[in-house]
Amino acid sequence: MKLPLVLLCLLAAASFGAPLAAAVLGVDARSVDLLDRVADPSLQHPLGTDELGRDVLLRLLEGGRVSLAVGGAAALASAVLGTIIGLAAGYVGGWTDRVLMRLTDGVIALPLLALLIVLAALDLGKLGLPREFIQSEEVSVFRIIALATLVGWTTTARLVRGGTLIARSQDYVRAAQSLGASTVHVLRWHVLPNVVGPLLVATALSVGDIILLESVLSFLGLGIQPPMASWGNMLTNAQELIESAPLLAIYPGVMIFVTVICCNMFADALHKRLDPRQAAGA
Amino acid sequence: MIRFVSIRLVEIAVTLALMSFVIYGLIGLMPGDPIDLMRSSDPRASAADVARLKAAYGLNRPLGERYLAWAGAAFAGDLGYSRLFSEPVLSAIRPRLVNSLLLMGAGFTLALLLALLLGIAAARRPNSRLDRIVNLLCFAGVSMPSFWLALLVILLFSVELRWLPASGIATAGRGDLADRLKHLVLPVATLTLINLGPYTRFVRAAMRDALTRDHIRTARAKGASEARVVMHHALRPALIPLVTILALSCGNLVSGALVTETMYSYPGMGKLIFDAVMGNDYNLALATLLLATAVTMGANLAADVAYCCLDPRVSLR
């Protein structure tokens, strides 16, 4: 449990502290130096420079900032959306339940990556969003968060619905209802605490998946847009440069791999802590 | 059973109709439009020409009307022309579908066999050294970005060792069997590795669960050999959940190898979908996406039915 968490914290601290350190040292992740392209590691550039002479270490840290922010935000958003849908389906029951669960199954049964490519390629201008928002640099970050949320809520919804169905028929929930507690109160204080454990595990597990999704879309040119760095888009050009600068293809991938494996191991450890009985079998 | 299947078939048909409309609408929202593209490639085209072209292709009509026209033609078997390949959509799809089935079939079979081997071996001795190594490999497998794995494989076997080609399905001017097989090795190996992690995890968990059941103890007490206990008494029930994986992979047959195919410039369905979407090839994108959706949903239905046939305790409502 400890090692993955420590690594993740270190990574977060380094990524989010990088702009400060860069400002103090007077270097910039975006500064292009065409005379110093694909340079070997040196004191000035500890991991060398990329095909435009940008510092690889600084870009890796900027990419980490983007990946962690996207992973965290989208995991949180999917958890919230999934919880609301799961609570509604499980507690209200009847037609609401049937419609919501068909929707969930439907989303799970779609060829998601192919459809996400269409969604990622949409022209936001044709959707009528304001121009200054579309042209801002952060728009690709928000787009990825929205896409990941759109496909990420299903697991949580199913989990929460299952937990809610069990809790709904418990005596203490009936007691609260008969005492006149509002639906929101019952859900918040009597139903939700039952599913908090699996919910946390599923959310932690989804962070890694979202980071993988972000990196593959960015790699294909549909995610985070340059000049903003992301581990995925740093690899976009690496395939062409693979003969001359193979290391450029290694670093960002190692970062993705280590981050995602840490997230997954942390989620697994969390699972074992919170639910020792079930985890022993798996 | 028949009732269940027919209800599901109706559901699939409704979903497909709905999806076709959604995708149709979404594709219209992608950047660029075919007439603008024609216009930018021909500076002499005037505004009047553009209007005439739009009218000729029906692009000035409202979305609903255009969709109905497309759906009517599609229902009659006419999916239109592909702009990228300058041939009917169906004849652009056919060879690529075959390529994809070959790639996915080989990758899937290999991964499944290896996963059974590793998963069973690990599950037989929980917490042994082998079990822990397999567990670690599973974690690595599910945490590996697929495109990066492909990059590493290319880097090692094509760039450094120069053993195998890294793109296409045949060398230009050749194309005999040996040459084709050579081009298949790296994509198939990559796909196998990508699938290996999740499959092994699944087999290991299912086998571990199966081996703790009471009937296993009974079988051992009766003096059944270890091989018979594992292969007959434990593996058979453990294989049933594997049907789900099998079905989901079948669904992916059509679109799942998108990343691998793109990395190796392998002309399959995944790359076709990607190219069609990126190249504004509306007819092709629509047809391929719908095909992928239909196959995925059909495979899910097949899994439910198979589940019911294999496990008498499961009944379909």
- [ ] May I ask you to say whether B/Asp131 pairs ionically with B/Arg208, meaning some side-chain N is under 4.0 Å from a carboxylate O?
- [x] yes
Chain B interface, residue from [options] that has the most non-hydrogen pairs under 4.5 Å:
options	value
A/Ile250, A/Ile256, A/Val258	A/Ile250
A/Pro252, A/Gly253, A/Gly221	A/Gly253
A/Leu119, A/Leu222, A/Val260	A/Val260

Open item on the list: Taking side chain as everything from C-beta outward and backbone as N, CA, C, O, which of these in A/Phe219 sits under 4.5 Å from a heavy atom of chain B? Side chain, backbone, both or neither.
Closed with: side chain
Open item on the list: What I want to check is whether the side chains of B/Ser20 and B/Tyr67 have a donor and an acceptor closer together than 3.5 Å.
Closed with: yes
Using heavy-atom distances under 4.5 Å, tell me whether [X] contacts chain A through its side chain, its backbone, both, or neither.
X	result
B/Phe147	side chain
B/Met19	side chain
B/Leu152	side chain
B/Ala140	both
B/Ser158	neither

Task: Among the listed options B/Thr15, B/Asn300, B/Leu26, B/Ile23, the residue most often paired with chain A at heavy-atom distances under 4.5 Å - done: B/Leu26
Task: Between B/Thr262, B/Ile154, B/Thr293, the one whose heavy-atom pairs under 4.5 Å with chain A are most numerous - done: B/Thr293
